[in-house]
Amino acid sequence: MFTEEQEALVVKSWNVMKKNSAELGLKLFLRIFEIAPTAKKMFSFVRDSNVPLEQNPKLKAHAMSVFVMTCKSAAQLRKAGKVTVGESTLKHMGSVHLKYGVVDEHFEVTRFALLETIKEAVPEMWSPEMKNAWTEAFNQLVAAIKAEMKPSSTA
């Protein structure tokens with residue numbers, strides 16, 4: 001259950017972070033790749049590129065969209081009572097994550113990297129309560145993605 005207090009913490013921190021979402025999204029992915037270097041193989045625009053990660057335009061765009069979507073989804077969670085990333089988007093994310101073999105450990109690395117990125121972005125706001133709020137929001141987003149990670153039936 002995502003509480004009113006958790007929502008307030010997420011919204012307050014998101015309001016501070018959104019102006020830097022491109023930079024924070026890139027930090028998030030650089031941290032993911034630092035923790036799990038093999039994750040780079042899952043992204044063709046990283047795997048097939050000689051451009052340094054920090055300068056890769058496709059990585060920057062992808063990282064920003066993931067960060068923004070995660071934060072917007074978290075900020076809307078209580079209001080909507082569920083993860084609000086369009087249904088077709090969730091289905092797409094589920095199928096893409098399935099196709100690339102994403103497993104629980106990948107989500108765990110991403111959650112850790114997300115929390116560290118937020119902690120660095122809003123250090124004066126960071127608290128155990130904020131960590132719990134973002135953890136709950138992320139876990140609900142992951143649950144929604146996992147619910148869509150099923151092989152498409154070709155009947």
Side-chain angles (χ1 to χ4, degrees), residues 2 6-7 9-49 51-80 82-123 125-126 130-150 152:
F2 200 61
Q6 288 175 316
E7 176 190 42
L9 289 168
V10 164
V11 169
K12 185 178 174 188
S13 55
W14 171 233
N15 284 336
V16 170
M17 294 186 294
K18 62 180 149 192
K19 65 183 178 297
N20 297 324
S21 54
E23 173 194 332
L24 293 172
L26 185 59
K27 275 186 175 181
L28 168 65
F29 272 81
L30 292 176
R31 179 154 287 132
I32 290 168
F33 296 152
E34 184 183 303
I35 297 166
T38 57
K40 291 179 206 161
K41 294 178 188 156
M42 300 175 107
F43 300 90
S44 60
F45 51 82
V46 171
R47 185 180 62 233
D48 303 336
S49 172
V51 177
L53 291 173
E54 300 80 19
Q55 296 164 13
N56 184 314
K58 288 184 179 177
L59 175 61
K60 285 180 176 183
H62 179 74
M64 184 172 114
S65 70
V66 168
F67 188 74
V68 169
M69 185 269 309
T70 301
C71 293
K72 281 184 175 176
S73 161
Q76 292 292 317
L77 189 56
R78 192 169 168 280
K79 206 175 299 166
K82 63 180 173 92
V83 171
T84 56
V85 179
E87 202 173 303
S88 62
T89 305
L90 271 177
K91 285 188 185 331
H92 175 72
M93 288 186 342
S95 68
V96 167
H97 284 80
L98 179 70
K99 176 181 166 188
Y100 287 101
V102 174
V103 294
D104 288 345
E105 290 77 20
H106 296 120
F107 288 120
E108 288 170 24
V109 166
T110 303
R111 178 178 47 238
F112 177 82
L114 176 71
L115 294 173
E116 289 294 305
T117 302
I118 294 168
K119 180 179 177 181
E120 278 180 22
V122 290
M125 287 184 197
W126 192 253
M130 181 172 284
K131 180 181 181 180
N132 290 340
W134 276 103
T135 298
E136 179 62 24
F138 182 81
N139 290 348
Q140 291 205 27
L141 176 59
V142 167
I145 292 170
K146 283 183 177 180
E148 297 298 335
M149 284 177 68
K150 42 192 178 258
S152 56

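For the single chain, residues carry numbers from 1 onward in sequence order.
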| said: If you count every heavy atom of other residues, nucleotides or ligands that lies below 6.0 Å from F107 atom CZ, does the total exceed 12? | reply: yes
| How many angstroms lie between CZ in R47 and CE in M42, if you round to the nearest 0.5 Å? | 10.0 Å
| query | Should E7 and V11 count as side-chain neighbours, where that means a heavy-atom distance under 4.5 Å? | reply | yes
| field | Reported NE2-to-CE distance for the pair H62 and M64, which is rounded to 0.5 angstrom | value | 12.5 Å
| task | Measure the OG1-CZ distance between T38 and F33 for me, rounded to the nearest 0.5 Å. | result | 10.0 Å
| query | Between E54 and K60, which heavy-atom pair has the shortest distance, and what is it? | reply | O-CE, 2.9 Å
| note | Interatomic distance, CD@E108 vs CD1@I35, rounded to 0.5 Å, equals 11.5 Å
| request: Calculate, to the nearest 0.5 Å, the distance between atoms CG and CZ belonging to L115 and F138 respectively. | output: 8.5 Å
| What pair of heavy atoms forms the shortest contact from F2 to A133, and how long is it? | CE1-O, 3.3 Å
| What pairs meet the salt bridge (charged side-chain N to carboxylate O under 4.0 Å, His left out) rule with one or both residues in residues 28-39, with sequence neighbours excluded? | R31-E120
Kindly list each side-chain donor-acceptor pair under 3.5 angstrom involving residues 20-30, sequence neighbours excluded, with atom names and distances?
from	atom 1	to	atom 2	distance (Å)
S21	OG	K18	O	3.1

| Between I118 and W126, which heavy-atom pair has the shortest distance, and what is it? | CG2-CZ3, 3.6 Å
| query | Measuring from R111:CZ to L141:CG, what's the distance to the nearest 0.5 Å? | reply | 11.5 Å
| said: Please determine whether side-chain contact (heavy atoms from CB on, under 4.5 Å) holds for the pair F112 and I32, giving the CA-CA distance in whole Å, both sets of side-chain angles, and the decisive distance to 0.1 Å. | reply: CA-CA 8 Å; F112 177 82; I32 290 168; over 6 Å; no
| What heavy-atom pair brings S13 and M130 nearest, and what distance separates the two atoms? | CB-CE, 3.7 Å
| ring pair (Phe, Tyr, Trp, His ring centres under 6.0 Å) partners of H106, counting only residues at least two apart | none
| Any donor-acceptor pair under 3.5 Å from S49 side chain to V46 backbone | no
